[in-house]
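Have a look at the structure below before the remarks.
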Amino acid sequence: MLDIKMIRQNESDVKARLATRGVKAELIDQLLAADQQRRDLVVKSETLRQQRNEVSEQIAQAKRNKKTADEEIARMKQVGQQIKQIEEKLKEVQVKVQDWAARLPNLPNPTIPVGPDESYNVEIKKIGTPKEFTFKPKPHWEIGEKLGILDFERGAKVSGSRFLYYVGLGAKLERAVYNFMLDEHEKEGYTEILPPYLVNAASMYGTGQFPKFKEDVFQIQDQDLTLIPTAEVPLTNYYRDEVIPTEKLPVYFTALSPSFRSEAGSAGRDTRGLIRLHQFNKVEMVKYCRPETSYDELEKMTINAGNILEKLGLPYHIITLSTGDMGFSAAMTHDLEVWIPAQNTYREISSCSNCEDFQARRAHIQYRDEKGKLNFVHTLNGSGLAVGRTVAAILENYQNEDGTVTVPEVLRPYMHGVDLIE
RNA sequence: GGAGAGUUGGCAGAGUGGUAAUGCACCGGACUCGAAAUCCGGCGAACCGAUUAACAUCGGCGCGCAGGUUCAAAUCCUGUACUCUCCUCCA
């Protein structure tokens with residue numbers, strides 16, 4: 001959520017920067033007009049309330065002195081009606097202002113590339129070289145099905161498309177991967193969390209999924225519960241409506257959780273394999289920090305995610321998302337994309353974002369500065385990493401011509417010494 | 001799922017219709033070489049608005065949340081969330 005006062009005071013700058021994210025200037029105009037209307041109504045109602053408070057005091061006095069105050073009471077009855085009318089209108093306007101403001105995305109950091117879509121993203125670093133195969137590399141779903149470790153057919157039977165079973169060494173590989181990730185993050189100072197997987201609407205609002213992106217998630221019917229689309233939601237809402245003791249900052253959290261996404265609007269894309277599922281495991285990183293350190297923290301987080309890929313021996317590159325490709329709450333996002341041989345391209349496996357105070361303002365997450373003044377923290381989140389996609393990358397990058405898959409060195413301890421899936 | 005109790009400032013804790021006691025903590029001052037103790041004064045979150053360059057001042061709001069009754073609600077009514085205890089159920 002952007003600060004309305006800030007928008008008011010920096011109208012043209014806000015318009016220009018949000019325009020790079022596809023927000024029309026008229027929307028801002030509408031918002032500010034409604035806000036002006038709101039403030040006018042506030043003045044009106046508060047003036048009347050003040051009057052009522054004063055007269056009520058007189059009435060109380062009169063009663064104490066056993067005098068009548070019928071005339072005042074009658075007058076205040078009138079005033080009460082007026083207040084009621086004005087405040088009904090005020091409430092309407094307030095809801096409108098709130099709703100519009102809640103649908104504005106974060107201001108992009110001025111240094112990121114400006115452009116309408118992903119073609120404007122900029123590669124900032126490339127690590128590892130894609131392996132030259134002496135044979136035609138197979139897609140991971142073929143490898144997995146042949147080895148009997150991924151079962152998409154039964155996933156479809158039991159649940160539907162975009163669901164699967166991991167079987168035997170497949171399940172073990174998945175578990176090895178996320179245990180490895182959690183251990184690595186713990187070494188970097190992240191506290192391991194096991195969060196709830198169902199959250200209420202206030203939490204979804206806090207991180208920015210609601211109100212705008214309700215169609216992307218699974219909600220429980222007739223209950224205020226939503227299956228988390230990412231552990232970012234429970235991790236970032238952990239401190240919702242709280243003041244974090246300053247000495248605790250920065251806070252580093254990591255968690256493994258399933259992520260549930262409806263994938264509405266992605267029909268026909270990545271219909272096979274582990275790339276796009278309704279349920280997938282992800283190890284998430286979340287940070288809360290002081291505003292002045294958030295960009296350093298973003299760099300560190302991106303490195304933390306990258307280190308996992310490096311240790312797994314998977315080639316990847318880091319890109320900075322353009323204004324048009326960035327998520328709603330982010331001010332700056334670095335994506336890590338891993339090499340997928342069968343597609344001969346890099347695919348997103350992590351997304352690390354600095355949301356600055358955008359989520360903190362929505363979720364009321366604060367700290368006290370040196371002067372004791374309350375201030376919003378900055379929040380960051382990043383995948384470290386998407387587990388299913390990591391498994392896909394391992395299967396493809398470590399496949400052998402005979403259909404077996406070599407287990408990356410660092411995972412062998414987690415696989416009870418298994419070094420080859422056959 | 002059933003029954004009961006609770007939710008008030010950073011903490012503790014009064015207040016059952018007249019506009020939030022008190023204590024601790026905190027801030028300032030006095031005393032002191034300094035500190036403690038003591039005394040005096042101040043301060044009760046956050047939020048919104050008006051005026052302001054800002055500090056500040058004034059006002060609104062504010063007793064878990066949302067409604068209602070009333071000239072006036074922490075207090076009465078309705079709904080609801082959460083916490084605790086007991087029962088039931090269950091892993």
Side-chain angles (χ1 to χ4, degrees), chain A residues 1-11 31-102 194-206 210 219-220 222-226 234 237-249 288 357-377:
Chain A
M1 175 94 97
L2 301 176
D3 182 5
I4 296 225
K5 264 187 217 160
M6 183 278 292
I7 300 177
R8 216 188 286 152
Q9 286 158 8
N10 304 281
E11 189 180 334
L31 176 66
L32 288 179
D35 183 53
Q36 181 61 54
Q37 197 188 357
R38 178 186 67 86
R39 278 149 58 220
D40 291 345
L41 288 167
V42 165
V43 170
K44 274 190 197 162
S45 93
E46 287 190 359
T47 308
L48 289 173
R49 274 178 176 276
Q50 183 177 1
Q51 189 191 342
R52 185 174 70 180
N53 286 345
E54 284 164 7
V55 177
S56 284
E57 181 56 35
Q58 291 168 22
I59 294 171
Q61 282 290 339
K63 295 268 181 187
R64 269 186 227 117
N65 299 330
K66 307 268 190 252
K67 287 188 202 149
T68 54
D70 294 348
E71 195 220 333
E72 282 82 358
I73 289 175
R75 251 174 56 220
M76 286 309 101
K77 196 163 191 169
Q78 293 276 318
V79 170
Q81 288 300 321
Q82 286 180 49
I83 292 176
K84 203 167 188 180
Q85 276 179 19
I86 290 171
E87 292 192 348
E88 264 166 35
K89 179 74 188 160
L90 175 62
K91 196 179 239 175
E92 258 173 56
V93 175
Q94 236 154 8
V95 166
K96 204 156 70 179
V97 170
Q98 175 66 27
D99 191 59
W100 285 348
L194 204 157
Y197 301 153
L198 287 163
V199 297
N200 57 31
S203 298
M204 293 294 283
Y205 177 86
F210 284 2
Q219 291 182 266
I220 306 298
D222 301 324
Q223 289 200 59
D224 180 21
L225 289 171
T226 300
N237 280 282
Y238 183 86
Y239 280 119
R240 172 155 57 81
D241 296 322
E242 291 191 38
V243 177
I244 304 178
T246 308
E247 65 274 12
K248 281 196 178 175
L249 294 174
Y288 304 76
D357 65 0
F358 187 83
Q359 294 179 325
R361 181 169 268 116
R362 289 176 158 248
H364 304 120
I365 309 169
Q366 298 169 300
Y367 73 100
R368 280 185 200 282
D369 63 20
E370 286 68 23
K371 292 174 191 155
K373 236 189 117 217
L374 286 172
N375 225 323
F376 291 110
V377 300

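Chain letters run A, B, ... following the sequence lines, proteins first and then strands; every chain starts at 1.
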Per nearest nucleotide of RNA chain B, the residue lying toward the 5' end, Gln94(A) or Ser45(A), is Gln94(A)
Phe376(A) or Thr47(A): which one's nearest nucleotide on RNA chain B is closer to the 5' end?
->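 Checking each residue's closest nucleotide, the 5'-ward one belongs to Phe376(A).
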Requested in this report: Supply the atom-to-atom distance Glu92(A) CD to Glu88(A) CD, rounded to the nearest 0.5 angstrom.
Outcome: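 Output value for this atom pair is 8.0 Å.
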Margin query: Counting the atoms with a prime plus P, OP1 and OP2 as sugar-phosphate, which does Arg8(A) contact under 4.0 Å by heavy atoms, base, sugar-phosphate, or nothing?
Written below: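 Counting heavy atoms under 4.0 Å across all strands, the contact made by Arg8(A) is with sugar-phosphate only.
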Checklist entry - Looking across every strand, which nucleic acid part, if any, lies under 4.0 Å from Glu72(A) by heavy atom: base, sugar-phosphate, or nothing? => result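 The answer is nothing, as Glu72(A) stays clear of every strand by at least 4.0 Å.
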Name the closest nucleotide to the [X] side chain, picking from [options].
X: Lys63(A); options: U19(B), C48(B), C71(B); value: C71(B)
X: Val43(A); options: C48(B), A50(B), G18(B); value: A50(B)
X: Ser56(A); options: G68(B), U19(B), G60(B); value: U19(B)
X: Leu374(A); options: G59(B), A46(B), G68(B); value: A46(B)
X: Lys91(A); options: G67(B), G18(B), G60(B); value: G67(B)
X: Arg368(A); options: A45(B), G60(B), C71(B); value: A45(B)
X: Glu57(A); options: G67(B), U19(B), G49(B); value: U19(B)

Sticking with atom [atom1], work out how far [N] lies from [M], rounded to a whole angstrom.
N: A53(B); M: G67(B); atom1: C1'; value: 43 Å
N: U75(B); M: A21(B); atom1: C1'; value: 15 Å
N: G34(B); M: G41(B); atom1: P; value: 23 Å
N: G68(B); M: A73(B); atom1: P; value: 12 Å
N: G4(B); M: G9(B); atom1: C1'; value: 29 Å
N: A14(B); M: C24(B); atom1: C1'; value: 15 Å
N: A56(B); M: A45(B); atom1: P; value: 14 Å
N: U38(B); M: A46(B); atom1: P; value: 29 Å

Could you identify the nucleotide paired to [N], looking across every strand shown and requiring Watson-Crick or G-U wobble geometry with both distances under 3.5 Å?
N: C47(B); result: G60(B)
N: G23(B); result: C11(B)
N: C71(B); result: G18(B)
N: C82(B); result: G6(B)

Is there a side-chain contact between [X] and the phosphate of [N], meaning an N or O under 4.0 Å from OP1 or OP2?
X: Arg75(A); N: C71(B); value: no
X: Asn53(A); N: G60(B); value: yes
X: Lys5(A); N: G49(B); value: yes
X: Lys84(A); N: U69(B); value: yes
X: Arg39(A); N: C48(B); value: no

Tightest non-hydrogen contact, residues Asn237(A) and Tyr288(A), listed as N-OH, 4.1 Å
TODO: Check Thr68(A) against Ala62(A) and note the closest heavy-atom contact, atom names and distance.
DONE: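 Smallest heavy-atom distance, with atoms named: O-CB, 4.3 Å.
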Check ion pair Asp35(A)-Arg39(A) (N to O, under 4.0 angstrom):
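Yes, Asp35(A) and Arg39(A) are salt-bridged.
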| Side chain of Glu46(A), base of G59(B): donor and acceptor closer than 3.5 Å? | yes
Legend entry - Within 6.0 angstrom of Tyr205(A) OH, more than 12 heavy atoms from elsewhere: yes
Q) Is the closest side-chain donor-acceptor distance between Asn53(A) and Ser56(A) under 3.5 Å? A)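 Ser56(A) and Asn53(A) do not have a side-chain donor-acceptor pair below 3.5 Å.
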